[in-house]
Amino acid sequence: MSKQYWKPGNMLYPVSAVMVSCQRKDEKPNIITVAWCGTCNTQPPMVYISVRPERYSYDIIKETGEFVINLVNRDIVYAADYCGVKSGRNVDKFKEMKLTPLESRFVQAPGIFESPVNIECKVKQLIPLGSHDMFLAEVAGVTVDDCYMDETGKFNLNDSGLTAYSHGEYFELGKKHGTFGYSVRKK
């Protein structure tokens with residue numbers, strides 16, 4: 001067995017592919033697909049997204065200080081790809097992908113109704129990093145799709161066909177290998 005040494009690069013895969021919706025007042029909403037995103041704090045709940053400054057959505061998010069992270073599943077992965085390669089400067093992505101704007105409770109930007117989870121975010125800090133700037137944001141509210149709730153009130157998100165992005169390809173999450181703490185649980 002051998003290994004190759006490569007120059008430094010981002011090889012932390014798979015990552016979430018999420019659709020981030022944003023909107024200026026009195027303008028059409030827009031969607032950008034990002035893979036540089038994640039959770040960074042529990043209390044208060046905080047997330048981050050990293051966006052290139054030249055992207056159309058960048059200025060919208062910077063000016064409004066708000067966005068919605070919409071998780072991607074098998075049903076909307078095609079739309080996620082489209083929203084990642086087309087610019088909102090030129091097309092109405094909600095219209096082109098037949099997506100439904102979902103009114104948010106705590107931010108002006110709409111969520112995406114077809115997404116299983118919508119995470120409303122308020123920017124707390126903008127951190128320039130180089131090719132991307134990171135928007136550090138507090139979670140203001142979360143909406144989940146009722147169809148993944150069972151009779152006991154448990155949210156079965158893993159049944160939604162969540163999608164991950166790995167090295168230029170999209171994958172539906174699948175086989176479970178364990179649950180949190182299973183390595184130390186008494187048998």
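In this text, all values refer to a predicted model and were calculated from it rather than measured experimentally. What's counted below: heavy atoms across the whole structure, side chains too, no hydrogens, waters or symmetry copies.
Residues Ala109 and Phe67 come closest through the heavy atom pair CB-CA, 4.5 Å. Taking all atoms of both residues into account, the shortest heavy-atom contact from Pro116 to Leu162 is CG-CD2, 4.5 Å. The two residues Thr143 and Leu102 have their closest heavy-atom pair at CG2-CD2, 4.1 Å. Nearest heavy-atom pair, Ser21 versus Phe94, reported as atom, atom and distance to 0.1 Å: CB-CZ, 4.4 Å. What you find for Cys40 and Leu136 is that their closest heavy atoms are SG-CD1, 3.3 Å.
The aromatic ring centres of Tyr58 and Phe135 sit less than 6.0 Å apart.
Taking hydrophobic clusters as Ile, Leu, Val, Met, Phe, Trp and Tyr residues chained together by side-chain heavy-atom distances below 4.5 Å, Ile69 shares a cluster with Phe155.
At least one donor-acceptor pair closer than 3.5 Å links the side chain of Asn118 to the backbone N or O of Ile112. Panel note: side chain Asp145, backbone Tyr148; no donor-acceptor pair is recorded below 3.5 Å. Side-chain atoms of Asn70 come within 3.5 Å of backbone atoms of Met19 as a donor-acceptor pair (strictly under, hydrogens ignored). No side-chain donor-acceptor contact under 3.5 Å links Thr163 to the backbone of Tyr170. Although no hydrogens or angles enter the test, the distance criterion places a donor-acceptor pair under 3.5 Å between the side chain of Glu120 and the main chain of Phe106. Between the side chain of Lys93 and the backbone N or O of Lys86, at least one donor-acceptor pair lies under 3.5 Å. Glu138 places no side-chain N or O within donor-acceptor distance of the main-chain N or O of Pro44, the cut-off being under 3.5 Å. Ser87 places a side-chain N or O within 3.5 Å of a backbone atom of Arg89 that can act as its donor or acceptor partner. In terms of modelled atom types and a separation under 3.5 Å, the side chain of Asp150 and the main chain of Lys154 share a donor-acceptor contact. Remark: the backbone N or O of Val117 is paired with a side-chain donor or acceptor of Ser115 at under 3.5 angstrom.
A salt bridge links Glu63 and Arg24; the closest N-O separation between the charged side-chain nitrogens and carboxylate oxygens is under 4.0 Å. Under 4.0 Å is where a charged nitrogen must lie from a carboxylate oxygen, and between Arg74 and Glu172 at least one such pair does.
Among Ile76, Val77, Leu71, the one residue that satisfies the side chain to side chain contact (heavy atoms under 4.5 Å, CB included) test with Asn73 is Ile76.
Atom-to-atom distance recorded for Tyr48:OH and Asp133:CG is 14.0 Å, nearest 0.5 angstrom.
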Checklist entry - Stepwise, does the side chain to side chain contact (heavy atoms under 4.5 Å, CB included) test hold for Ile61 with Val123? => result CA-CA 8 Å; Ile61 296 168; Val123 176; 4.1 Å; yes
How far apart are the C-alpha atoms of Val107 and Val68, what are their side-chain angles, what is the distance that settles it, and do they pass the side chain to side chain contact (heavy atoms under 4.5 Å, CB included) test? CA-CA 8 Å; Val107 299; Val68 179; 3.8 Å; yes
| query | Checking side chain to side chain contact (heavy atoms under 4.5 Å, CB included) for the pair Cys83/Ile32: CA distance, chi angles, key distance, verdict? | reply | CA-CA 6 Å; Cys83 292; Ile32 181 173; over 6 Å; no
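The number of heavy-atom neighbours closer than 6.0 Å to CZ of Phe171, taken from other residues, nucleotides and ligands shown, is above 12.
Side-chain contact of Thr179 with Arg185: a donor-acceptor pair under 3.5 Å is present, judged by distance alone. With hydrogens and angles left out, the side-chain atoms of Thr64 and Gln108 include no donor and acceptor closer than 3.5 Å.
A search for side chain to side chain contact (heavy atoms under 4.5 Å, CB included) contacts involving Leu12 returns nothing, not counting sequence neighbours. Under the rule for a side chain to side chain donor-acceptor pair (under 3.5 Å), the partners of Ser57 that lie at least two apart in sequence or sit in another chain are Asn30. Residues passing the side chain to side chain donor-acceptor pair (under 3.5 Å) test with Tyr13: none are found, sequence neighbours excluded.
In this structure the side chain of Lys28 never reaches within 4.5 angstrom of the side chain of Lys95, judged on heavy atoms. Using a 4.5 Å heavy-atom threshold, the side chains of Pro29 and Pro110 count as touching.
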